[in-house]
Amino acid sequence: MAERVRVRFAPSPTGFLHIGGARTALYNWLFARQKGGAFILRIEDTDRSRSTEEAIQAIVSSMHWLGLEWDEGPETGGDFGPYRQTERLSLYEETAQRLLAQKKTYCCYCTPDELKSRRRVALKEGRTPGYDGRCRELTARERDEFEKEGRRPAIRFACPREGTTVANDLIKGETRFENRLIDDFILLRADGFPTYNFAVVVDDNAMRISHVIRGEDHLPNTPKQILLYQALGFPIPDFAHLPMILGPDRKPLSKRHGATSVEEYRRNGYLPEAILNYLALLGWSYDEKTTLFTGEELIEKFSLGNVSRSPAIWDPAKLEWMNGHYIRQIPLKELTLRIVPFLREAGLIKDFPDAEELSWLERVVVSIRDRMKVLGDVVTLTDFLFGEVKLDPQAVERVLKSDEALRVLALAEEKLASLPGFRKDGIERALRGMCEELSLKPAKALQPVRVAVTGKTVSPPLFESIELLGREQTLQRLKKARNLISDKIG
RNA sequence: GGCGCAUUCGUCUAGUGGCCUAGGACACCGCCCUCUCAAGGCGGAGAUCGCGGGUUCGACUCCCGCAUGCGCCA
């Protein structure tokens, strides 16, 4: 424990970085940064049928995007590599052989099919479905027989039949497991690939991991791993098991609950700051008041002792609120740049804007900043500023189809046409003057103008929007709306 | 089926024996601001602390049982 803190995040590359994985990574990262330790990224790709190269890239890229930089791992390398389990096969093999020589493991010739059917029978008879240990006492001759049949052995751990293994979890506290209830689990499969429990112990030791911080789903694996540490004579790290993240139905978070990967949130316009802050608070808290934390504050204040022991339900609404908050924290110039990709993606702008367009975009951003929850909101909020207006039929029906609206539009057009300049303040004066002349409340009289100009009953502030649109476009839209009404009213 | 973990407002949580007539945040409702919608400010409603037993002068907090949920063995 006096040794340097070394922690790791060890995902299986079977898809995008999941929200739960991101939180595990974050807690590891915070812990390492706070303690001045090392944060290691290790790829657990021994399940060849499900692991892919694309998934590794996806995870790496989400980690970078979140700013969870690792000190050792893919891309960066390090003194304890390689950091991919499929590149460490010989280490597992050697370690297993060592245990075999010490008679702490044994060869098992049972095939997966045999095991499966035995398990079924056991379940049907109401017995515990674990491995019965039948190959543990195999004689040399029996082994030869199996070898002659062409069977390749798996290597199993000879688990102690008595005693108790105690895991002192930094979050859950002391948990005890009866050794006799743990079956002789496989370390190395017949094909030479290690099982999860074995590879994890070998690697965590080889990489000098001091604290294993991972999801609670691994808690039942812990006694097996402790037994392995002991058999191998390795020092045992500290363990900390994080509660799960569930959907609103208290089932594991999955696609049917909505977005579950960091990548999806990135694409929808969530900010890393918001995701990190929200994730930090999902299962951890600092005091009874604080909800907003900068990255530095999190590093300073995080502690495993304050991590909750019970599962948390994912609440997209709170994340959204937090995202809106962080959007408002971003300096205008930077926010504008971060919005550009969303405008391009939606086809609202073609190329990357030049300096002039950028300064216009900045003014656009000012008008919508308080209205955004995600960066992608920029599209629906400002689409009327690009190209033609699409008049919402319902809005036309409700606010445009009247003689009063017709008069409003005519006067507005006249007032705006004769304005000396075309700035927000002048526009406002002109339109408020219009309201007075018509003896109408602004709230009433400005709605037809809003619909004519923006196509909707809800929009960014009208006067700014009109300025941003420009005189020519504005007048054109007012006229068009007027013609439309005249036709309709007859 | 066995083993393990968990259980405070709808949600995330504060709470480590008296400070709790249970605090904060999101969501919800109302008011203010206001050209719409937001943002912001102010306020409201919302939890007999899963249930039942103990221990104690006193329990959300400690112990036991039960229920439920989740995990692992798969």
Side-chain angles (χ1 to χ4, degrees), chain A residues 112 115-116 119-120 122-131 165 167 169 171-183 185 196-197 215-224 241-253 277-292 305-325 327-328 367-373 377 380-381 395 398-399 427-428 431-432 434-435 440-451 453-454 456-466:
Chain A
L115 294 169
K116 198 180 284 178
R119 194 176 296 134
R120 222 182 342 247
L123 275 177
K124 200 183 287 177
E125 294 172 0
R127 301 196 323 267
T128 318
Y131 180 65
T165 297
D169 193 276
I171 293 167
K172 303 281 182 182
E174 188 180 279
T175 62
R176 319 174 70 87
F177 301 86
E178 298 295 323
N179 290 160
R180 65 185 169 80
L181 297 173
I182 301 173
D183 67 354
F185 54 98
Y196 168 76
N197 283 314
E216 187 182 343
D217 45 344
H218 287 120
L219 188 58
N221 286 323
T222 309
K224 296 182 180 179
H241 288 92
L242 310 175
M244 313 269 29
I245 299 178
L246 307 175
D249 54 0
R250 310 206 148 258
K251 299 262 182 279
L253 196 59
N277 193 153
Y278 177 70
L279 244 22
L281 241 35
L282 196 65
W284 171 83
S285 62
Y286 174 64
D287 57 17
E288 51 182 48
K289 297 217 156 8
T290 324
T291 40
L292 267 7
N306 285 336
V307 172
S308 159
R309 274 153 297 126
S310 52
I313 291 169
W314 180 254
D315 180 8
K318 189 161 185 175
L319 205 213
E320 209 174 56
W321 164 78
M322 211 172 255
N323 202 63
H325 167 83
I327 281 178
R328 265 156 247 129
S367 78
I368 61 165
R369 196 160 29 178
D370 289 345
R371 276 153 264 262
M372 283 193 287
K373 289 202 185 314
D377 285 343
T380 52
L381 250 18
R398 280 214 308 273
V399 340
I427 294 165
E428 174 160 8
L431 290 179
R432 286 198 188 279
M434 172 201 78
C435 296
L440 289 170
K441 283 187 183 154
K444 186 87 165 62
L446 293 175
Q447 275 308 78
V449 180
R450 184 188 313 281
V451 172
V453 172
T454 70
K456 305 165 193 171
T457 53
V458 172
S459 80
L462 223 211
F463 313 125
E464 287 167 69
S465 298
I466 289 177

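Naming convention: chains lettered A, B, ... in sequence-line order (proteins, then strands); numbering from 1 in each chain.
- For the OP1/OP2 pair of B/rA27 and a distance below 4.0 Å, the side-chain nitrogens and oxygens of A/Lys318 include no atom meeting the criterion.
- Between A/Leu282 atom CG and B/rC12 atom P there is a gap of 8 Å when expressed in whole angstrom units.
- By the 4.5 Å heavy-atom criterion applied to side chains, A/Tyr196 and A/His218 are counted as neighbours.
- Here the P atom of nucleotide B/rU16 and the CD atom of A/Glu288 are 9 Å apart, to the nearest Å.
- Between B/rU13 and A/Lys289, no contact under 4.0 Å exists linking OP1 or OP2 to a side-chain N or O.
- When both pairing distances are held under 3.5 Å, B/rC66 makes a Watson-Crick or G-U pair with B/rG50.
- For A/Arg250, a side-chain nitrogen or oxygen approaches OP1 or OP2 of B/rU11 to under 4.0 Å.
- The residue A/Arg176 sits close only to the backbone: its heavy atoms come under 4.0 Å of sugar-phosphate atoms, none of a base.
- Proximity of A/Arg432 to the phosphate of B/rC35: a side-chain N or O atom is located under 4.0 Å from OP1 or OP2.
- Here A/Ser285 reaches the OP1 or OP2 of B/rA14: one of its side-chain N or O atoms lies under 4.0 Å away.
- One atom, CZ of A/Arg328, and another, C1' of B/rG41, lie 15 Å apart when rounded to the nearest Å.
- Atom CE of A/Met244 and atom C1' of B/rG71 are 7 Å apart (whole Å).
- Between the P atom of B/rG10 and the CG atom of A/Leu246 lies a distance of 17 Å, rounded to the nearest Å.
- Looking at A/Lys172, its side chain does come within 3.5 Å of a backbone N or O of A/Arg309 through a donor-acceptor pair.
- Between the CG atom of A/Asp217 and the C1' atom of B/rA6 there is a distance of 14 Å, given to the nearest Å.
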